[in-house]
Amino acid sequence: MKTGKVKNKAAFTKKTVFFTVVAGMLCFAVFTFAKLNYLNYVEQKNLDSQLETKRDLERTLRKLQKEKNDLHDLEYLKEYAREKLFLMEENEIPIRVITPDAREDSSTGHEPSGSTPVKR
């Protein structure tokens, strides 16, 4: 009788060890694949972010190249000087149209909007 119990106990122990090892291997496989999927997700996010940055930089580059090309055009330079620097040609007289908004600008020291040079 003792031999039967020992055999059953040894078989039970072997099964327990086997299922514990199988469960451990299964957990290892699940966690390994989950980790790989997470790392793949993080890398994809980084790649998407870098691609968006690249697109933004390319748009900025195209805009700057267009502006660089426009700087070779005399008409563009004249318009730029009028709008941004408030410059005018020698034969022009500056005329300022004062609006309620312009009065507020003059109190703060800013150039009033609506200044337009007129040729003589």
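Along the sequence shown, residues carry numbers from 1.
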Discussion item. Would you compute the distance between atom CD of Q65 and atom CG of D70 and round it to the nearest 0.5 angstrom?
Written reply: 12.0 Å
Worksheet item: Can you list the steps and then say if E52 with R59 is a salt bridge (charged side-chain N to carboxylate O under 4.0 Å, His left out)?
Response: CA-CA 11 Å; E52 185 62 33; R59 279 192 290 265; 3.7 Å; yes
Discussion item. Applying side chain to side chain contact (heavy atoms under 4.5 Å, CB included), can you list everything that pairs with E58, at least two apart in sequence or on another chain?
Written reply: K54, R62
Worksheet entry | Nearest non-hydrogen partners of L71 and L77, listed with the distance | O-CD1, 3.4 Å
Worksheet item: Do L47 and L39 belong together in a cluster built from hydrophobic side chains that touch within less than 4.5 Å?
Response: no
Worksheet item: Run the side chain to side chain donor-acceptor pair (under 3.5 Å) check on D48 and Q44 step by step: do they pass?
Response: CA-CA 6 Å; D48 291 344; Q44 187 64 41; 3.1 Å; yes
Worksheet, complete the sentence: Output for pair (Y80 OH, D73 CG), nearest 0.5 Å, gives 14.5 Å
Discussion item. Checking side-chain polar atoms at under 3.5 Å, does N46 have a donor or acceptor matched by the opposite partner on Q50?
Written reply: no
Fill in: Distance (rounded to the nearest 0.5 Å) between L26 CG and F31 CZ
9.5 Å
Worksheet item: Short question: side chain of T60, backbone of D56 - any donor-acceptor pair under 3.5 Å?
Response: yes
Practice prompt. Check whether any side-chain heavy atom of L57 lies under 4.5 Å from a side-chain heavy atom of L61, and answer yes or no.
Written response: no
Discussion item. Ignoring hydrogens, what is the shortest heavy-atom contact between T16 and T20? Give both atom names and the distance.
Written reply: O-OG1, 2.6 Å
